[in-house]
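Each remark here refers to the structure printed beneath this line.
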Amino acid sequence: MNYTSTRGTVAVNETYALLHGLAEDGGLYVPSLFPTNCLTYNDVKDKNYQEVAAVVLSKLFPCFSEAHLKEMINSAYSDANFSTRDIAPLHSLLEKVSVLELFHGRTQAFKDMALSLFPYLLVAAKEAEGEKKEVLILTATSGDTGKAALEGFKDVPGTHIQVFYPTDGVSPMQAEQMQKQEGDNVNVTAIHGNFDDAQQFLKRLFVDKDTAEEVAAKGVMFSSANSINIGRLAPQVVYYVNAYAELVAQGAIHEDEAFNVVVPTGNFGNILAAYYAKKMGIPIGKLICASNQNNVLTDFFESGTYDMNRPFYTTISPSMDILESSNFERFLYYISGEDSERTAGWMKDLKSTGKLTVNEEEFNRVKANFAGAYVDDEETKAIIEQVYNSYGYVMDPHTAVAMGAYMKELEKHPEDGARHTIIASTAHPFKFPTAICEALDIKVGDTPYESLDNISAVTGVAFPKQLEALKSKPLRFTKAIDKENMKQEILDFVDTFSK
Ligand SMILES: *Cc1c(COP(=O)(O)O)cnc(C)c1O
């Protein structure tokens, strides 16, 4: 199977797309020929997570042999990397509502679901492409991608990783996880700016030929671990397929009965993965895109216009504080009927005016699959409290945003109540101690660890072992730079390992 750019028609191998991340024309790689309706219940019945992953990924990366895929999958989704054998268990909250827990990996966020496997895919792609250069992974993070990518690439031979995170945009726990990162091939730098600034800079750098040549002369090439890389997206399709198999096995749905999915959304990668699962044949009904006060997507799903000309808010669900949602481009490509010219036109509009509008026919396609709703910080805390008081379950703020969006959509469409719904839970609540303390009226401690001890004592939720171990580790990366200096920071890092 070949991959093409959302903005062009040139096809490349799967391994080229994996290795390079972003297409040369600035577009995102998508399958040239989407494997539509290739999955049925029989394909995934009675299979464990790893086996489901092999089935799904063989459709998206047929270039890898089955044995090779299985080997990579088993290394990624191992007992060492995940705290539960189920990998992504479903927690039954209400008769018709299950929480899909995606936070049992090494860094307590759903980014681990893809970033545990991605380094294996990248190294395999590098070998297949005969690429001898050292790969420098450049990553912008709104909080969780950075840590998950660092853990994934830590000490992987032939690779190095540079992470940028916004000084004010991440929770203290998220910052500490990155500042205390171990490994000899890693660099972490805070920037004065927000996630959009960091992501935009990197997207420009990826298509900057001069810089590419400059580092190539030193035996180095850039790649991306952000969800612009198809190697991030594909592994995320797996947990929706696995959840479907699980719902059928539990008797919660029949094998051809539709279920809805609610996804707390930032860069649109997670929800796009659910859409891919649907296109591949999984009976997903409505996809509900949940946002915080940065509700550019909610407005799009209501009006057909995506308008970034609006204030940027720092919220208690920081991993969703994004206005320029990268994977939205892939979504637009499908909405246009896989028309790369149309997509390129929209991206031009977005660049020049900060907004884009789809036509009526396209908007009808959007509405046939998607709905959007948003929840502000006060509502988010109220939901955390309500869910805890009613069901004894502690949700992180991002998951609570999804729960809130579900409740708002249900008010508008009470008939949805008859359908089983999956709430994607994207982080462990312990990554956001202050928000949880405030929501549950628990004393905020002097340090994040003290707050977590207090939360643990009140709710009985156990400390994830990686967060507990973090407490005694030394700080390694505390530098903060202006965003204008990102390029120099990268070049300086290159000089530490290049020839
Ligand atoms: C990254 C992240 C999101 C947003 O996911 P996207 O794929 O970027 O839409 C939501 N919640 C948490 C906790 C995250 O880390």
Open item on the list: If you define the side chain from C-beta out and look only at heavy atoms, does anything of Pro235 sit under 4.5 Å from Tyr77?
Closed with: yes
Task: Aromatic ring pairing Phe301/Phe328, orientation class (parallel under 30°, perpendicular over 60°, tilted between) - done: perpendicular
TODO: Could you tell me whether the side chain of Asn187 and the main chain of Gln162 form a donor-acceptor pair under 3.5 Å?
DONE: no
- [ ] Determine whether Asp416 and Thr421 make a side-chain contact, defined as any pair of heavy atoms from C-beta on separated by less than 4.5 Å.
- [x] no
Task: Geometric cation-pi criterion, Lys286 with Phe259: 6.0 Å, 45° - done: no
Open item on the list: Between Phe370 and Tyr275, is the ring-ring contact (aromatic ring centres under 6.0 Å, His included) condition met? List the steps.
Closed with: CA-CA 9 Å; Phe370 283 79; Tyr275 182 59; 5.5 Å; yes
Task: Side chain proximity check, Gln293 to Asp321, heavy atoms < 4.5 angstrom - done: no
- [ ] Say whether, by atom type as modelled, one donor and one acceptor occur between the side chain of Glu51 and the main chain of Asn48 under 3.5 angstrom.
- [x] yes
TODO: Apply salt bridge (charged side-chain N to carboxylate O under 4.0 Å, His left out) to the pair Lys473 and Glu176, showing each step before the final yes or no.
DONE: CA-CA 10 Å; Lys473 290 185 178 165; Glu176 188 144 332; over 6 Å; no
Open item on the list: Given 3.5 Å as the limit, does a donor-acceptor pair link the side chain of Ser317 with the main chain of His398, or not?
Closed with: no
Open item on the list: Can you confirm whether Glu450 is buried at CD, in the sense that more than 12 heavy atoms of other residues, nucleotides or ligands lie under 6.0 Å from that atom?
Closed with: yes
TODO: Report yes or no: does Asn226 contribute a side-chain atom to a donor-acceptor pair with the main-chain N or O of Ala140 at less than 3.5 Å?
DONE: yes
Open item on the list: Using a 3.5 Å distance criterion without hydrogens, assess whether the side chain of Asn294 forms a donor-acceptor pair with backbone atoms of Leu323.
Closed with: no
- [ ] Return the orientation label for the His160 and Phe497 ring planes: parallel under 30°, perpendicular over 60°, tilted otherwise.
- [x] parallel
Open item on the list: For His254, I'd like to know if atom NE2 has over 12 heavy atoms of other residues, nucleotides or ligands within 6.0 Å.
Closed with: no
Task: Gap separating the CG atom of Asp482 from the CD atom of Gln488, nearest 0.5 angstrom - done: 13.5 Å
TODO: Give, for atom CD1 of Ile282 and atom OH of Tyr41, the distance between the pair rounded to the nearest 0.5 Å.
DONE: 11.0 Å
Task: Donor on one side chain, acceptor on other, Gln466 and Gln108, under 3.5 Å - done: yes
Task: From CA spacing to verdict: salt bridge (charged side-chain N to carboxylate O under 4.0 Å, His left out), Glu151, Lys154 - done: CA-CA 5 Å; Glu151 280 299 311; Lys154 173 179 75 184; 3.2 Å; yes
Task: 4.5 Å side-chain heavy-atom contact, Met72 and Leu121 - done: yes
Task: Reported CZ-to-CD distance for the pair Arg419 and Glu257, which is rounded to 0.5 angstrom - done: 8.5 Å
Task: Gap between atom CZ of Phe164 and atom CG of Leu202 - 0.5 Å precision - done: 6.5 Å
- [ ] Begin from the C-alpha positions of Tyr49 and Phe82 and carry the test ring-ring contact (aromatic ring centres under 6.0 Å, His included) through to its verdict.
- [x] CA-CA 12 Å; Tyr49 192 90; Phe82 284 83; 7.6 Å; no
Task: More than 12 heavy atoms of other groups within 6.0 Å of Asp446 CG - done: no
TODO: Specify the closest pair of heavy atoms between Ser224 and Ile137, including all atoms of both residues, with the distance to one decimal.
DONE: C-CG2, 4.3 Å
- [ ] State, to 0.1 Å, how close Pro89 and His104 come at their nearest heavy-atom pair, and which atoms those are.
- [x] CD-CD2, 3.6 Å
Task: Residue pair Ser227 / Asn327: nearest heavy atoms and the distance that separates them - done: OG-ND2, 2.9 Å
Task: Ion pair Glu489/Lys479, N-O distance below 4.0 Å - done: yes
Task: Which atom of Phe432 lies closest to which atom of Ala427, heavy atoms considered - done: CE1-CB, 3.7 Å
- [ ] Ignoring hydrogens and angles, tell me if any N or O in the side chain of Tyr240 forms a donor-acceptor pair with the backbone of Tyr276 under 3.5 Å.
- [x] no
Open item on the list: So, applying side-chain contact (heavy atoms from CB on, under 4.5 Å) with Pro448, which one of Lys471, Lys431, Gln174, Met173 is it?
Closed with: Met173
TODO: Inspect the surroundings of NZ in Lys70 and state if more than 12 heavy atoms from other residues, nucleotides or ligands are less than 6.0 Å away.
DONE: no
TODO: Please step through salt bridge (charged side-chain N to carboxylate O under 4.0 Å, His left out) for the pair Lys408 and Glu379, ending with a clear verdict.
DONE: CA-CA 11 Å; Lys408 287 192 178 179; Glu379 292 171 309; 3.1 Å; yes
Open item on the list: Check whether Asp112 reaches the backbone of Arg106 with its side chain - one donor and one acceptor, N or O, closer than 3.5 Å.
Closed with: yes
- [ ] Measure from the side-chain N and O atoms of Ser116 to the backbone N and O of Ala114, and report whether any donor-acceptor pair falls under 3.5 Å.
- [x] no
Open item on the list: Could you check whether atom CZ of Arg85 has more than 12 heavy atoms from other residues, nucleotides or ligands sitting under 6.0 Å from it?
Closed with: no
Task: Centroid-centroid distance, Phe103 to Phe110, less than 6.0 Å - done: no
TODO: Write down the atom of Ile455, the atom of Pro433, and the distance for their closest heavy-atom approach.
DONE: CD1-O, 3.7 Å
Open item on the list: Could you measure the distance from the CG atom of Asp144 to the OG atom of Ser319? Nearest 0.5 Å is fine.
Closed with: 3.5 Å
Open item on the list: Quick check for you: to the nearest 0.5 Å, what is the distance between Ile253 atom CD1 and Leu247 atom CG?
Closed with: 4.5 Å
- [ ] Evaluate the side-chain proximity of Tyr239 to Asn270: yes if any heavy-atom separation is below 4.5 Å, no if none is.
- [x] yes
- [ ] In sequence, state the C-alpha distance, the side-chain angles, and the governing distance for Gln199 and Ser326, and then conclude on side-chain hydrogen bond (donor to acceptor under 3.5 Å, both in side chains).
- [x] CA-CA 9 Å; Gln199 173 162 267; Ser326 270; 3.1 Å; yes
Open item on the list: Is it true that, when you exclude Asp184 itself, more than 12 heavy atoms of the residues, nucleotides or ligands shown sit nearer than 6.0 Å to its CG?
Closed with: no
Open item on the list: We want to know whether Asn454 and Ser451 form a side-chain donor-acceptor pair, criterion being a heavy-atom distance below 3.5 angstrom.
Closed with: no
Open item on the list: Is it the case that the side chain of Thr141 and the backbone of Thr145 share a donor-acceptor pair, with hydrogens and angles ignored and the cut-off at 3.5 Å?
Closed with: yes
Task: Ionic contact status for Lys381 with Glu385, cut-off 4.0 Å - done: no
Open item on the list: Is there a side-chain contact between His420 and Ser98 in this structure, where contact means two heavy atoms from C-beta onward sitting under 4.5 Å apart?
Closed with: yes
Open item on the list: If you define the side chain from C-beta out and look only at heavy atoms, does anything of Tyr406 sit under 4.5 Å from Ile423?
Closed with: yes
Task: Residue pair Tyr391 / Leu94, side-chain heavy-atom distance below 4.5 Å - done: yes
- [ ] For the pair Asp377 (side chain) and Thr315 (backbone), establish whether a donor and an acceptor sit closer than 3.5 Å, ignoring hydrogens and angles.
- [x] no
Open item on the list: Testing the basics here: between Leu28 and Leu22, what is the closest heavy-atom pair and its distance to 0.1 Å?
Closed with: CD1-CD1, 3.8 Å
TODO: Report, as yes or no, whether the 6.0 Å neighbourhood of atom CZ on Phe153 holds more than 12 heavy atoms from other residues, nucleotides or ligands.
DONE: yes
TODO: Would you tell me whether Gln179 and Tyr165 have side-chain atoms, one donor and one acceptor, within less than 3.5 Å of each other?
DONE: yes
Open item on the list: As a quick check of understanding, evaluate ring-ring contact (aromatic ring centres under 6.0 Å, His included) for His20 and Phe222, giving each step before the final call.
Closed with: CA-CA 7 Å; His20 292 266; Phe222 296 144; over 10 Å; no
